[in-house]
Amino acid sequence: MGRFSAFTKRKLVQCTAALLSNANLRGFATGRIYQGKAKWICVPGLNCYSCPAAVGACPLGALQTMLADPQYKMSFYVLGMLAAFGLVLGRAVCGWLCPFGLLQELWRGLWVRWGKPVKRIWAGNRRAAEAGSMGVEGGHGAAVGPDKHEGAGDTTGSGNAGDMAGDRRTSGDRPARGFEKRLRHIKYIFLGVFVVLMPLFAVDAFGFGAPYFCELICPAGMLEGALPILVKNPGLFRLAGWVFWLKAGIVVVFLAGAAMNTRFFCKYLCPLGAIYGLFHRISLVQLRFDAVSCVGCGTCEKVCPMDIDPRKPEWRGECIRCGKCAGRCPGGALRLTPSHPLLESSCEQNHHRIAPPTKPCAKLR
Amino acid sequence: MAGRKLMCARVAVGLFAVSFIAAGVWRGETVSVLRKAVNVCLECIGLG
């Protein structure tokens, strides 16, 4: 493994995890889902159990199912599994093991690599519209603008072969910080409302709820489940109602968002990421920041697929521990390391955990 | 989080996880999860 770059190692782990979660590849050919006994085990990442290849249960779907069942109204098993994954890996699950995260990175990579003609057509249409509204002279002036912007936007992180496969960003990825930070709270709202409260309290006459996040929002169900099943069983289309078309619209929005913005779903919408984010202080896999070694170049912030500043403590819950910042840090100030669960001094904690560069550990001075 | 606190939090969450998984298995939740997972979830694929 030593000759592989950090990027390649992560991609290998991601692909292996996706394959292990979706080992029943024959299901894509038959259009039938796997029905073996292994499906009682929750996989760590977001992976729809209606995907024909899935061999495990989606923790989010399982949690909602148990909460919606009047026999249980609580799921010790799923909560225990989530706590175990959160304790060991935290949001490293998102960065390393989640098949839906990998899917987004691949889709983003395709867009960066092959989406340029679409972007040019889009820019050309806009230019033509502006020329039409401003007249010939104004239109000439407007024609220069978009090209400049496009050129500037594509330079971020260029020159790395790994970037071509999904992590390269454009300047358009960075919305305004304050507003963008607020948008990230949507996933906590989804977690509270659609994953917990609605399955518990929005029940029918017999006391049964429904997995409302899966039913109304989750694009993974459509992309991983509905698409392969409907291709092999087109007769099921007759069951499609307004919910199906609502979810189809959500998938279109998701695909557009994921093409324009790296890890769009993870940043703003994923309740599973919100759950794992709650474990960011105690999880064994930590991104450590050494304030003394930091040269303040800001490369970590520029390359981060989650658009956060990995040096600042307020972003810890958003960090998916992909390690991209650690790989690019010129001073070696950031390190992605598993920590010993019990043996760790308080001084090391203060010094090495993500902390503002202005506050190094006093004992080490 | 200081070292001792961190250690306590990790041990507590670890015990919580193990005991919750055991309680869930004892309550038969795994059977319900399996029953849901081996059938096509019509809600998930937008047909329910």
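Proteins get letters first, then strands, A, B, ... in listed order; numbering begins at 1 in each. These numbers were taken from a predicted model, which means no experiment stands behind them.
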Could you walk me through whether A/Leu236 and B/Leu47 pass the side chain to side chain contact (heavy atoms under 4.5 Å, CB included) test, one step at a time? CA-CA 8 Å; A/Leu236 286 174; B/Leu47 299 177; 4.1 Å; yes

Between A/Val78, A/Leu82, A/Thr65, A/Val243, which has the largest tally of heavy atom pairs under 4.5 Å with chain B? A/Thr65

Applying disulfide bond (SG atoms under 2.5 Å apart), can you list everything that pairs with B/Cys44, at least two apart in sequence or on another chain? B/Cys41

Would you list the atom pairs, donor with acceptor, under 3.5 Å between side chains in residues 214-230 of chain A and any protein atom, with sequence neighbours excluded?
{"unit_1": "A/Glu224", "atom_1": "OE1", "unit_2": "A/Cys48", "atom_2": "N", "d": "3.0"}

Tell me whether B/Arg10 contacts the main-chain N or O of A/Ser283 through its side chain, where contact means a donor paired with an acceptor under 3.5 Å. yes

Which pair of heavy atoms, one from B/Phe20 and one from A/Gly80, lies closest together, and at what distance? CB-CA, 3.7 Å

Sort A/Phe279 into side chain, backbone, both or neither according to what part of it lies under 4.5 angstrom from a heavy atom of chain B. side chain

Please classify the contact of A/Ser75 with chain B as side chain, backbone, both or neither, using a heavy-atom distance under 4.5 Å. both

Please find the pair of heavy atoms, one from B/Val13 and one from A/Leu87, that lie closest to each other, and give the distance. CG1-CB, 4.0 Å

In Å, rounded to the nearest 0.5 Å, how long is the span from OH of A/Tyr49 to CG of B/Asn39? 10.5 Å

Using heavy atoms and a sub-4.5 Å threshold, report which of residues 29-40 of chain A line up against chain B, by residue number. A/Ile33, A/Tyr34, A/Gln35, A/Gly36, A/Lys37, A/Lys39, A/Trp40

Has the side chain of A/Tyr72 got a donor or acceptor atom that lies under 3.5 Å from a matching backbone atom of B/Ser32? no

Give the member of A/Phe85, A/Tyr212, A/Phe244 that has the highest number of heavy-atom pairs under 4.5 Å with chain B. A/Phe244

Pairs satisfying salt bridge (charged side-chain N to carboxylate O under 4.0 Å, His left out), at least one member in residues 20-39 of chain B, at least two apart: B/Arg27-B/Glu29, B/Lys36-B/Glu43

Enter the distance from B/Ile21:CD1 to A/Phe76:CZ here, rounded to the nearest 0.5 Å. 13.0 Å

Is it the side chain or the backbone of A/Met66 that comes within 4.5 Å of chain B heavy atoms, both, or neither? side chain

Identify which of B/Ala23, B/Gly14, B/Gly24 forms the greatest number of heavy-atom pairs closer than 4.5 Å to chain A. B/Gly24

